[in-house]
Amino acid sequence: MNAQEQIIVPLDVADEQAAIALVERLTSVTFFKVGLELFTSTGPKILEVLKSRQKRIFLDLKFHDIPNTVAGACRAAARYGVDLLTIHATSGNEALRAATEAVQAGAADAGVKPPKLIAITLLTSLSSRQLAFELKIPLELPEYALEMALMAQEMGLDGAVCSPVEVAQLRQSCGDDFLLVCPGVRPTWAQKGDQARSLTPAQAFAAGANYLVIGRPITAAADPELAWKRICEELVAVT
Ligand SMILES: O=C(O)c1cc(=O)[nH]c(=O)n1[C@@H]1O[C@H](COP(=O)(O)O)[C@@H](O)[C@H]1O
């Protein structure tokens, strides 16, 4: 797989029309993320639009609820035939286990391939300071992210979402078969915005990420396709 297929562009826009406009401006992008804003706005229709254009889909709904409820949501989401699906690790062991089983059941019901179920460890917008003083978690941030990833792995999930700053440690502890997806990635020329723990695309891949999620540096650029190409060229230059 080349780097172009490992960069996921989030369609963080308000409606179907805006999403399609972005997809049409980004003709070389093969993998898109549908998150809370767009899915809440359009429902599953947007997934059909992307599939009809042969795009891969990361359905990022970040489920977080009691075991019975997340299992139901995962069963329903798995029927869509998407590639990646998210749940918060802090849903706990029982919910993660139930979600893993539900994803298989939902996909089997619909006769589609099950999505890879991946756990959010700690949102990349949060800093060490916020972890300690707002969330009152008495662990160092890298240790906390690692604990969440290990719990997800133990419960049978396929991977985790983490910031590029933690990815090397997670890769070392979770092994090569565990998928690591990194948002919070910023080329040197882009603004960080609300991302607290970021590295460049090349650094994130070098540290062991399988996929990067890169949004505003591409989607908010005056020419999104040009920004995308610049990122891809910078990656080629360092590999
Ligand atoms: O699950 C995610 O994709 C996610 C997890 C996380 O911890 N941090 C995070 O930023 N994201 C998503 O990754 C994308 C990052 O977008 P940009 O900050 O614009 O590159 C957004 O769609 C976020 O919802």
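Residues satisfying the side-chain hydrogen bond (donor to acceptor under 3.5 Å, both in side chains) criterion with Ser91, sequence neighbours excluded, are absent altogether. Taking Ser28 as the reference, Glu225 meet the side-chain hydrogen bond (donor to acceptor under 3.5 Å, both in side chains) condition, with sequence neighbours excluded. With sequence neighbours left out, the side-chain hydrogen bond (donor to acceptor under 3.5 Å, both in side chains) criterion links Arg79 to Asp109.
When all heavy atoms of Pro114 and Ala107 are compared, the closest pair comes out as CA-CB, 3.5 Å. Here the closest non-hydrogen pair linking Val167 and Ala207 is CG1-CB, 3.3 Å. For the residue pair Val103 and Cys74, the shortest heavy atom distance occurs at CG2-CB, 3.8 Å.
Between Glu154 atom CD and Leu150 atom CG the span is 8.0 Å, to the nearest 0.5 Å. Atom CG of residue Leu38 and atom CD of residue Glu16 lie 8.5 Å apart, to the nearest 0.5 angstrom. Taken to the nearest 0.5 Å, the CG atom of Leu141 stands 4.5 Å off from the CZ atom of Arg197. Of the inter-residue distances, the one linking Thr30 atom OG1 with Gln6 atom CD reads 10.0 Å to the nearest 0.5 angstrom. Separation of atoms CG (Leu135) and OH (Tyr144) is listed at 7.0 Å; rounding is to 0.5 Å. Annotation: the span from Leu179 atom CG to Leu84 atom CG amounts to 7.0 Å, rounded to 0.5 Å.
A perpendicular orientation is assigned to the rings of Phe31 and Tyr211, their planes being inclined by more than 60° (bins at 30° and 60°).
The closest side-chain heavy-atom distance from Asp12 to Thr219 is not below 4.5 Å. The shortest side-chain heavy-atom distance between Leu85 and Tyr80 does not fall under the 4.5 Å cut-off. Residues Phe39 and Leu11 fail the side-chain proximity criterion, which asks for heavy atoms closer than 4.5 Å. Looking only at side-chain heavy atoms (C-beta outward), Leu146 and Glu166 stay at 4.5 Å or farther from each other. When side chains are defined from C-beta on, Glu143 does not count as touching Gln169, because their heavy atoms never get closer than 4.5 Å. Inter-residue side-chain proximity for Leu170 and Phe178 is flagged as unmet; no heavy-atom pair is nearer than 4.5 Å. Between Asp60 and Leu36 there is no side-chain heavy-atom pair separated by less than 4.5 Å. In this structure, the side chains of Glu233 and Val236 stay at 4.5 Å or more apart for every pair of heavy atoms.
Checked by atom type and distance alone, the side chain of Ser41 pairs as donor or acceptor with a backbone atom of Ala14 at under 3.5 Å. With hydrogens and angles disregarded, no donor-acceptor distance shorter than 3.5 Å links the side chain of Ser125 to the backbone of Gln195. The backbone N or O of Cys174 sits less than 3.5 Å from a side-chain atom of Gln153, completing a donor-acceptor pair. Asp158 contributes no side-chain N or O that, together with a main-chain N or O of Ile118, makes up a donor-acceptor pair within less than 3.5 Å. Panel note: side chain Asn68, backbone Ala71; no donor-acceptor pair is recorded below 3.5 Å. Looking only at distances, no side-chain donor or acceptor of Asn210 sits under 3.5 Å from a matching main-chain atom of Val181. Judged purely by atom type and a 3.5 angstrom limit, Thr200 uses its side chain to pair as donor or acceptor with the backbone of Gln203.
Contact check on Lys229 versus Asp223 returns no salt bridge, with no Lys/Arg side-chain nitrogen under 4.0 Å from an Asp/Glu carboxylate oxygen.
The neighbour count for Lys113 NZ, taken as heavy atoms of other residues, nucleotides or ligands under 6.0 Å away, does not exceed 12. Counting non-hydrogen atoms of other residues, nucleotides and ligands closer than 6.0 Å to CG of Asp177 gives a total of 12 or fewer.
Transitive grouping of hydrophobic side chains (ILVMFWY, heavy atoms separated by less than 4.5 Å) brings Leu61 and Val70 into a common cluster.
Residue Val185 is tested with Ser163, Pro217, Pro164, Ser198 for a side-chain contact (heavy atoms from CB on, under 4.5 Å); the sole match is Pro164.
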